[in-house]
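The basis for the numbers below is simple: all heavy atoms, side chains too, and nothing from hydrogens, waters or symmetry mates.
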Amino acid sequence: MELTLECGVEQLPGVGAARAAHLERLGLRTVGDLLRCFPRAYEDRRRMANLSNAPPDLPVCICAMTAEAPRLTLIRKGLELVKLRVVDDSGAAWITFFNQSYTKNALRVGEQYVFYGKVEGPPGRRTMTNPVFEPVGRARFTGRIMPVYALTKGVSNHLLAGLTARCVEACAGQLPECLPDGLRQAYHLASAEYACRNIHFPADEEALALARRRLSFEELFCLSCGLTLLRRRREHQPGPVFAPAPPEEFEALLPFPLTGAQRRVMEDVAADTASGGLMNRLIQGDVGSGKTMAAAHGAWLAARSGFQTALMAPTELLAEQHVRSLAPLLAPAGVRVGLLTGSVKGKARKALYAALEAGELDLVVGTHALLSEGVAFHRLGLVVADEQHRFGVAQRAALAAKAGTSPHVLVMSATPIPRTLALIIYGDLEVSVMDQLPPGRVPVETFIIGADKRARLYGFIRKVVEQGRQVYLVCPAVDEAQEDDGLPPPGALLDPSGWQVPPAAGRKAAAPYAAQLQREIFPDLRVGLVHGRMKGADKDAVMSAFAAGELDLLVSTTVIEVGVDVPNAALMVVENAECFGLSQLHQLRGRVGRGRHQSYCVLVTGSRNPESRARLKTLAGTTDGFQIAQEDLKLRGPGDFFGSRQHGLPQLAMADLAGDSRLLAQAQQAAKELLEADPDLSWPKHRLLLERVRALFAENPEIFN
């Protein structure tokens, strides 16, 4: 049977129902899916050596003959061992396979094979363990640059590479060419077929670079086209008109002076909401930069013009905190504030629904409960989403749909992102930046210590508590069983020896650590525990107790990254700090330093890796979130920086928004030129391009309807 891009994976040799189900967990249902499943990294298997001169600790290809029949030994239940002796012109070696009993019959005496792996031991006693092997003359996965894919249970890299190789040979030439010929020539881009063949099985580094460039450009170009179409649609949408108001009237409500950055953002919001068009604006700024005041100003403008505002927060605790700060602030201006969370039930919930629908509430603060069926607004004019990375496009759209007509949208994010990147990541939003902290904030002092200095750290924790302050201790895992996938960063051309999985055994886990602290270290102090596996109500109860001063120490995972304001917390301890991204560490550090007391952040690391240490020194050396974000993007790439599919905008499979800035500029320019000629991509020759743009935005197909 001839393979096509639409063929299901079960039509490939060796793929039955069970294996197809495993592949589906990776999103691989068709041959086309396999071709678009790009490698995470590459192993260079071109290095050849013989048994006597093979370098220690470096994987190489050895061409050797089996000198005797492999022997299978059952060591114990669950552990099988196959051992054989191989020879080449320079010497001999013993090869051992653990739990690979099939090798006993796969390797035949007197035949030559290419073995890929590390050769260990002194001359005369050389060994190899679990090498990859292939018969000489039929090598597919040795002697070349080998792709390394993201895997799941039941799918090995050897299996996935074998299936992909078959699909590349049969179907790479069937891939549609969505980029116009003239554009490809102008920007020196490889064909779709060449890119597909060399992204999976590159002939050499140059071929890999050409393939990556073509595929990255295509993604950035299609992304730029899609975002331009989105913005154009928004520009033609009418929005509620909020009458302009003297800013000094709003400032008179505040017990503190505004920063210049806050005034700038408020001017942006006032101009947007008075324009007659629809506002879709992102306010980004560090923790504590005063973004909530911009939201309060928007709600004040809306109420003056007879419109309601809905403010979505990611947790009940944060929603309650907003109500406690905003209700007394806005009450003198006649702005009526309500709270709607999952905890509001029965008669109180019905009364709130009725007040909202009757227009008796001007500002409602809530969680996902705002999206529930019974919620109806009298005249919704503004939606504010707190912490954009917790709310995607879909939730904002669902809330906006309750208005009947499109309300203005204001999004607040405490994840600082370089402006050019923010315009891509938040492609449907304009961007305002708050880059000043209110006066009087005491900068948090940051220190890096080795794990061997724990006794001194415990002494410092006790001193902080004796001064009446509280302490956070953050761990990278909930319990000892929790591990990451140990995969290398995407896109790297690596030797396997260059990637080491951080041992989970050396990591602090929140649950046992909290128990140890309470039992052995601080039996006289009040220790709390909070993590993401707890029920929402239990989590909120612990956080509320900490906020109320009923706990001295709070041991936690990163669930406190977006948390309640606790001005009395003056020390943040992050265990295994090398396991976190810089921006995440900066967010955690922002949990302290919210009161008048000098606050501290202590990063504990057992890592001796110079790069890890350098990363942490970057954080210790600056409190500028934007500088930290830029460094984080350079080190980790946007996939890890933003996490998985958090924004509702496309997840890029190949392009690196941080590293490909020049390519991004070229792709944006190319998209601009093409859309000037064909604004809707309606020309017949652009049909495939429009399909590609729609496919990139497949999670939100309705945005182009």
Side-chain angles (χ1 to χ4, degrees), residues 444 446-465 469-486 500-534 538-539 542-543 546 551-563 566 569-592 599-609 611-613 615-617 619-620 632 636 640 643:
V444 178
T446 306
F447 303 97
I448 304 165
I449 67 166
D452 55 342
K453 301 289 190 294
R454 199 169 296 285
R456 285 176 62 185
L457 172 63
Y458 292 152
F460 185 54
I461 289 173
R462 184 170 290 283
K463 181 180 170 186
V464 168
V465 173
R469 308 283 83 77
Q470 292 162 278
V471 180
Y472 292 103
L473 295 103
V474 176
C475 302
V478 175
D479 53 48
E480 280 97 340
Q482 186 182 346
E483 298 184 36
D484 66 14
D485 62 2
Q500 294 181 337
V501 181
R507 299 183 196 173
K508 282 286 180 194
Y513 191 34
Q516 181 200 7
L517 289 172
Q518 183 70 88
R519 187 178 60 248
E520 300 172 19
I521 317 295
F522 302 114
D524 54 326
L525 301 184
R526 301 164 298 174
V527 180
L529 170 68
V530 65
H531 56 75
R533 295 186 197 168
M534 293 166 66
D538 296 339
K539 221 172 356 186
V542 176
M543 290 298 294
F546 188 68
L551 295 171
D552 302 304
L553 313 181
L554 181 62
V555 182
S556 152
T557 55
T558 56
V559 292
I560 60 147
E561 183 184 347
V562 177
V566 184
L571 173 59
M572 166 65 68
V573 177
V574 184
E575 296 282 355
N576 304 106
E578 73 280 359
C579 294
F580 300 89
L582 286 182
S583 293
Q584 199 171 29
L585 289 172
H586 181 59
Q587 288 284 98
L588 291 169
R589 178 169 62 181
R591 294 289 108 214
V592 296
S599 294
Y600 307 91
C601 176
V602 178
L603 307 174
V604 184
T605 179
S607 172
R608 299 188 180 281
N609 184 309
E611 287 181 15
S612 293
R613 295 288 233 185
R615 278 176 64 243
L616 297 180
K617 281 179 183 170
L619 188 82
D632 207 10
R636 298 197 298 155
D640 293 327

Say you draw a straight line from [atom1] of [X] to [atom2] of [Y]; how long is it, rounded to the nearest 0.5 Å?
| X | Y | atom1 | atom2 | value |
| --- | --- | --- | --- | --- |
| R613 | L603 | CZ | CG | 10.5 Å |
| I521 | L457 | CD1 | CG | 10.5 Å |
| L529 | C475 | CG | SG | 9.0 Å |
| I449 | T605 | CD1 | OG1 | 10.0 Å |
| L588 | L619 | CG | CG | 9.5 Å |
| L571 | R469 | CG | CZ | 12.0 Å |

Contacts of Y458 that satisfy ring-ring contact (aromatic ring centres under 6.0 Å, His included) - sequence neighbours left out: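 Y458: ring-ring contact (aromatic ring centres under 6.0 Å, His included) contacts with F522.
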Any residue meeting ring-ring contact (aromatic ring centres under 6.0 Å, His included) with F460, in chain and number order, not counting sequence neighbours: Y600
Q518 (side chain) donor-acceptor with L525 (main chain) under 3.5 angstrom: yes
Listed once per pair and sorted, the salt bridge (Lys or Arg N to Asp or Glu O under 4.0 Å) pairs that draw on residues 570-579, sequence neighbours left out: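 Listed once each, the pairs are R454-E575.
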How far apart are the closest heavy atoms of [X] and [Y], and which atoms are they?
| X | Y | result |
| --- | --- | --- |
| C579 | P476 | CB-CB, 4.1 Å |
| V474 | M572 | CG2-SD, 3.6 Å |
| F546 | L553 | CE1-C, 4.3 Å |
| A577 | L585 | O-CD1, 3.8 Å |

Non-neighbouring partners of D524 that pass side-chain hydrogen bond (donor to acceptor under 3.5 Å, both in side chains), sequence neighbours left out: R462
Partner residues of S612 under the side-chain hydrogen bond (donor to acceptor under 3.5 Å, both in side chains) criterion, sequence neighbours left out: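 Partners of S612 under the side-chain hydrogen bond (donor to acceptor under 3.5 Å, both in side chains) test: none.
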Sub-4.5 Å side-chain heavy-atom contact between V542 and L551: yes
Contact check, side chains of M543 and L554, non-hydrogen atoms, under 4.5 Å: yes
Partners passing side-chain contact (heavy atoms from CB on, under 4.5 Å) against R456 (at least two apart in sequence or in another chain): K453
Partners meeting side-chain contact (heavy atoms from CB on, under 4.5 Å) with A620 (sequence neighbours left out):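 For A620, the residues satisfying side-chain contact (heavy atoms from CB on, under 4.5 Å) (neighbours in sequence not counted) are T446, I448.
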